[in-house]
Trainee: 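Okay, here's the structure, questions in a sec.
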Amino acid sequence: MNSSLLSSLNEKQKESVLYFDSPLLITAGAGSGKTKVLTHKIAFLIQEKGIKPENILALTFTNKAAKEMRERVESLTGIKTSSLWLSTFHAFGLKFLRKEVFPNKKIIVIDRNDQKSLLKEIIKRKNLNISKDRLKEVLNSFSNLKKKGFLINKREILVNFLSSELIELFLEYQKELTKRDALDFDDLISQTYVNLKKNQVLKEKYQNLFEYILVDEFQDTSPEQYKLLKELIKNGNITVVGDEDQSIYSWRGADMNIFLSFPEDFPGTKIIRLEENYRSTKIIINSASAVINENKNRIGKTLFTNNVVGDRILVYFGKTKEEEALFIANHIANNSENPDFFPVGVLYRINARSRAIEDALLRYGLSYKIVGGLSFYDRKVVKDITAYLKLAYNTEDDISFLRALSFPNRGFGKKTVEKIVEYAKREQLSYYESLKRLLKKKELKKQRGEDFINLIEFLKDNLNETVYFLLSTIVERTEYKKALTKKDDPFETQKENVNELLELADHFTGDVSDFISSLVLREQTEAISEKTKISLMTIHAAKGLEFNTVFLAGVEDGALPHFLSKEDKHLIEEERRLFYVAMTRAKKRLILTHVKENSPFIETIPYHYLYFIR
């Protein structure tokens with residue numbers, strides 16, 4: 001046995017790595033090394049159990065976590081893990097569907113914005129009486145429909161779920177997705193599940209393929225993901241890892257009861273508790289434990305740490321949000337020469353709380369980064385440039401066609417675009433093919449579209465080249481940066497985004513298909529640079545991060561816990577878990593601030609751990 005794999009593990013971590021006799025549920029407290037356990041268990045499966053990487057399925061909930069886990073496994077084993085099935089649930093679904101269901105198609109995945117664009121187009125074309133303001137509601141109803149776990153394409157079934165008008169829209173929406181070889185985000189889970197459920201041969205193929213399955217952040221699993229997971233499990237060959245005390249995503253579909261009921265679903269499940277925290281001081285851990293112990297709906301564990309006792313938790317009361325914000329900025333400024341104080345995380349329950357804090361930091365001349373704003377991948381520049389690449393990859397992608405055609409401006413007016421669309425519908429063509437034929441028939445001015453067609457055809461012929469080559473070609477031949485300079489000052493930032501996109505592409509190791517997938521299967525927040533000293537974010541965005549110093553603003557009744565949760569015991573417990581997550585982001589010091597009466601959560605912290613400032 002490779003003793004080096006186990007030498008750095010504590011007894012509970014070691015037990016977790018070595019246990020294979022039945023399904024295993026690991027409830028891992030904050031900062032207790034769950035990623036370390038998972039990666040060491042994968043390495044152990046490969047090196048000591050002789051299981052090939054391609055026979056292991058490891059699922060997690062962010063691409064960042066998947067990347068980090070893959071790098072750690074490679075470091076532990078010394079082998080490349082490209083054949084290891086290690087990804088998010090959605091990335092697994094896409095890989096499965098491309099391989100087993102649509103092997104001869106260039107499947108694309110459309111994001112929420114592209115879904116809206118497609119629905120607007122259908123509504124206009126079909127003259128449906130559905131306002132743009134209802135689009136979010138319509139998309140949610142379609143999403144819920146697909147999450148029911150079966151493919152719905154018949155009117156007689158749809159009448160049970162949708163109004164007649166929405167049935168018409170849904171059927172047309174599905175028809176357009178099929179025509180474009182496109183899937184939406186919900187399809188990645190629902191269609192994977194349906195194909196495994198209805199095809200016993202395919203199901204057995206994958207059950208036999210995956211000799212062992214591991215799931216990270218299991219408390220964040222949705223019912224749809226869990227149903228899919230159950231189709232893959234054979235003979236209890238599974239380890240799930242998570243922390244019910246950090247379940248804070250019910251609003252986006254996660255169901256903590258899946259975690260709690262796992263031992264009932266899989267009789268004989270062994271439960272191991274990882275309770276030693278390696279991140280925070282004793283005072284922070286004891287205080288956080290006192291808070292979370294108030295929750296009833298949990299498996300339960302007792303966190304402890306061998307770290308130093310540390311500073312007491314500061315609790316500051318300000319008369320106004322501005323006074324609260326100035327205290328935070330002043331406290332940071334006073335410690336600006338103390339490297340041990342940084343990095344700093346300033347957390348809050350809702351984004352609106354950041355305004356006063358930003359103003360105060362600027363007043364003190366302190367630079368900061370807001371995490372969780374507009375995703376880099378959702379910025380106009382990125383969507384513009386990558387639209388060309390997506391169109392070259394799949395010329396049936398009408399959404400990307402319209403975006404690529406619109407910027408830089410080629411002189412195509414609204415009437416010309418309508419002519420392209422109308423001809424495409426009449427002849428049942430893609431918009432791209434419609435443009436080509438109209439140019440050939442000389443019904444459009446040649447110069448306006450010829451350069452566009454030539455660029456897309458060049459990209460199509462060179463899809464085997466690197467992503468960097470393709471994107472830099474697009475930027476160069478469209479003169480994208482030159483077009484941006486014609487705009488006002490904000491477009492200087494857009495030019496920086498072009499350079500950032502090219503830099504990202506230069507370090508991308510996959511092919512065009514992988515890159516296009518990554519544009520949709522991505523996190524909604526940006527990574528924090530090691531150079532970032534002060535980060536502002538919601539508590540939800542802080543999950544998985546850690547800081548030497550944490551300020552938690554707005555710890556008051558009505559804000560944390562949120563006033564909408566007060567009458568619901570399940571929501572109150574989630575609010576308490578949110579507070580617990582925020583507390584356990586702090587390694588060395590924690591400062592709680594508020595402007596109204598104290599949050600009842602503070603009152604559950606032992607008084608001798610607190611130091612009040614007014």
Side-chain angles (χ1 to χ4, degrees), residues 1-61 64-87 210-219 233-246 259 262-263 266 268-280 285 299-307 544 546 584 587:
M1 184 180 294
N2 185 350
S3 60
S4 63
L5 269 180
L6 305 177
S7 60
S8 64
L9 304 178
N10 66 34
E11 288 307 309
K12 286 295 182 182
Q13 290 173 338
K14 195 181 297 183
E15 183 184 6
S16 301
V17 169
L18 296 176
Y19 187 83
F20 293 97
D21 294 339
S22 68
L24 173 62
L25 182 146
I26 303 169
T27 177
S32 63
K34 69 174 180 60
T35 303
K36 185 174 187 178
V37 166
L38 274 175
T39 51
H40 278 68
K41 187 149 191 160
I42 295 171
F44 187 87
L45 284 164
I46 294 169
Q47 288 196 333
E48 304 299 332
K49 302 282 277 186
I51 297 180
K52 296 177 181 178
E54 58 265 32
N55 297 129
I56 299 171
L57 172 64
L59 296 167
T60 186
F61 281 80
K64 178 184 174 186
K67 182 174 182 290
E68 180 187 346
M69 287 171 64
R70 189 177 293 280
E71 289 171 350
R72 286 203 200 182
V73 172
E74 289 185 353
S75 175
L76 288 167
T77 61
I79 65 172
K80 285 292 179 184
T81 60
S82 55
S83 61
L84 174 67
W85 291 67
L86 199 170
S87 70
F210 298 133
E211 295 181 41
Y212 208 82
I213 298 173
L214 307 98
V215 186
D216 187 19
E217 301 287 6
F218 190 62
Q219 77 282 346
I233 299 170
K234 182 180 181 181
N235 301 327
N237 57 340
I238 184 168
T239 290
V240 297
V241 185
D243 183 4
E244 74 274 25
D245 295 333
Q246 296 188 69
F259 184 94
F262 185 82
F266 293 89
T269 292
K270 183 177 179 63
I271 299 174
I272 297 177
R273 293 169 173 83
L274 299 184
E275 298 174 308
E276 182 173 0
N277 175 283
Y278 292 93
R279 177 187 298 150
S280 308
I285 289 304
I299 290 175
K301 54 190 163 298
T302 304
L303 274 191
F304 70 92
T305 184
N306 290 314
N307 291 340
E546 59 182 39
T584 54
K587 295 172 70 174

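Position 1 is the first residue of the sequence, and the numbers go up from there.
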Trainee: For Asn277, give me all partners under side chain to side chain donor-acceptor pair (under 3.5 Å), at least two apart in sequence or on another chain.
Mentor: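 Once residues adjacent in sequence are excluded, Asn277 has no partner under the side chain to side chain donor-acceptor pair (under 3.5 Å) criterion.
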
Trainee: Who pairs with Glu71 by side chain to side chain contact (heavy atoms under 4.5 Å, CB included), at least two apart in sequence or on another chain?
Mentor: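 Here the qualifying residues are Lys67.
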
Trainee: Return each pair, listed once, that meets salt bridge (charged side-chain N to carboxylate O under 4.0 Å, His left out) where at least one residue sits in residues 16-33; pairs must be two or more places apart or across chains.
Mentor: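 Residue pairs with at least one partner in residues 16-33: there are none.
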
Trainee: Who pairs with Lys14 by salt bridge (Lys or Arg N to Asp or Glu O under 4.0 Å), at least two apart in sequence or on another chain?
Mentor: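 Lys14 satisfies salt bridge (Lys or Arg N to Asp or Glu O under 4.0 Å) with Glu11 once adjacent residues are dropped.
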
Trainee: Mind checking side chain to side chain donor-acceptor pair (under 3.5 Å) for Ser83 and listing every partner two or more places apart, or none if nothing turns up?
Mentor: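 For Ser83, the residues satisfying side chain to side chain donor-acceptor pair (under 3.5 Å) (neighbours in sequence not counted) are Glu54.
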
Trainee: Are side-chain heavy atoms of His40 and Ser8 found at a separation under 4.5 Å?
Mentor: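 His40 reaches Ser8 side chain to side chain.
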
Trainee: Applying ring pair (Phe, Tyr, Trp, His ring centres under 6.0 Å), name anything that partners Tyr212, two or more places apart in sequence or on another chain.
Mentor: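 Per chain and number, Tyr212 pairs via ring pair (Phe, Tyr, Trp, His ring centres under 6.0 Å) with Phe20.
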
Trainee: Between CG of Leu45 and CD1 of Ile56, what distance do you get to the nearest 0.5 Å?
Mentor: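 Result: 4.5 Å between the selected atoms.
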
Trainee: Is the shortest distance from a Lys or Arg side-chain nitrogen in Lys34 or Glu217 to a carboxylate oxygen in the other one below 4.0 Å?
Mentor: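 Salt bridge present between Lys34 and Glu217.
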
Trainee: Who are the side chain to side chain donor-acceptor pair (under 3.5 Å) partners of Lys587, not counting sequence neighbours?
Mentor: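 Lys587 satisfies side chain to side chain donor-acceptor pair (under 3.5 Å) with no other residue.
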
Trainee: Do Val73 and Ile46 have side-chain heavy atoms sitting under 4.5 Å apart?
Mentor: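 Contact flag for Val73/Ile46 side chains = yes.
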
Trainee: Indicate whether the side chain of Thr81 and that of Glu74 have a donor and an acceptor atom separated by less than 3.5 Å.
Mentor: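 Indeed, the side chains of Thr81 and Glu74 share at least one donor-acceptor pair under 3.5 Å.
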
Trainee: Output all residues satisfying side chain to side chain contact (heavy atoms under 4.5 Å, CB included) with Leu303, sequence neighbours left out; order by chain, then residue number.
Mentor: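 Here the qualifying residues are Ile285, Ser289, Tyr580.
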
Trainee: Going through the distances and angles, do Phe44 and Leu76 end up as a side-chain contact (heavy atoms from CB on, under 4.5 Å)?
Mentor: CA-CA 9 Å; Phe44 187 87; Leu76 288 167; over 6 Å; no

Trainee: Evaluate the criterion side-chain contact (heavy atoms from CB on, under 4.5 Å) for residue pair Leu214 and Val241; output intermediate values, then yes/no.
Mentor: CA-CA 8 Å; Leu214 307 98; Val241 185; over 6 Å; no

Trainee: Does any non-hydrogen side-chain atom of Lys36 lie less than 4.5 Å from one of Arg72?
Mentor: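 Counting from C-beta outward, Arg72 and Lys36 do come under 4.5 Å.
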
Trainee: Just jot down the side chain to side chain contact (heavy atoms under 4.5 Å, CB included) partners of Glu275, sequence neighbours excluded, or say none.
Mentor: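 Residues passing side chain to side chain contact (heavy atoms under 4.5 Å, CB included) with Glu275: Arg273, Lys301, Thr302, Phe304.
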
Trainee: List the residues meeting ring pair (Phe, Tyr, Trp, His ring centres under 6.0 Å) with Phe266, not counting sequence neighbours, and say none if there are none.
Mentor: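 With neighbours one apart ignored, the set is Phe262.
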
Trainee: In chain order, what residues pass the side chain to side chain contact (heavy atoms under 4.5 Å, CB included) check against Tyr278, with sequence neighbours excluded?
Mentor: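 Listed in chain order: Asn10, Gln13, Glu276.
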
Trainee: I'd like to check the side chain to side chain donor-acceptor pair (under 3.5 Å) partners of Lys80; sequence neighbours left out, ordered by chain and number.
Mentor: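 Partners of Lys80 by the side chain to side chain donor-acceptor pair (under 3.5 Å) criterion come out as none, since no residue qualifies.
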
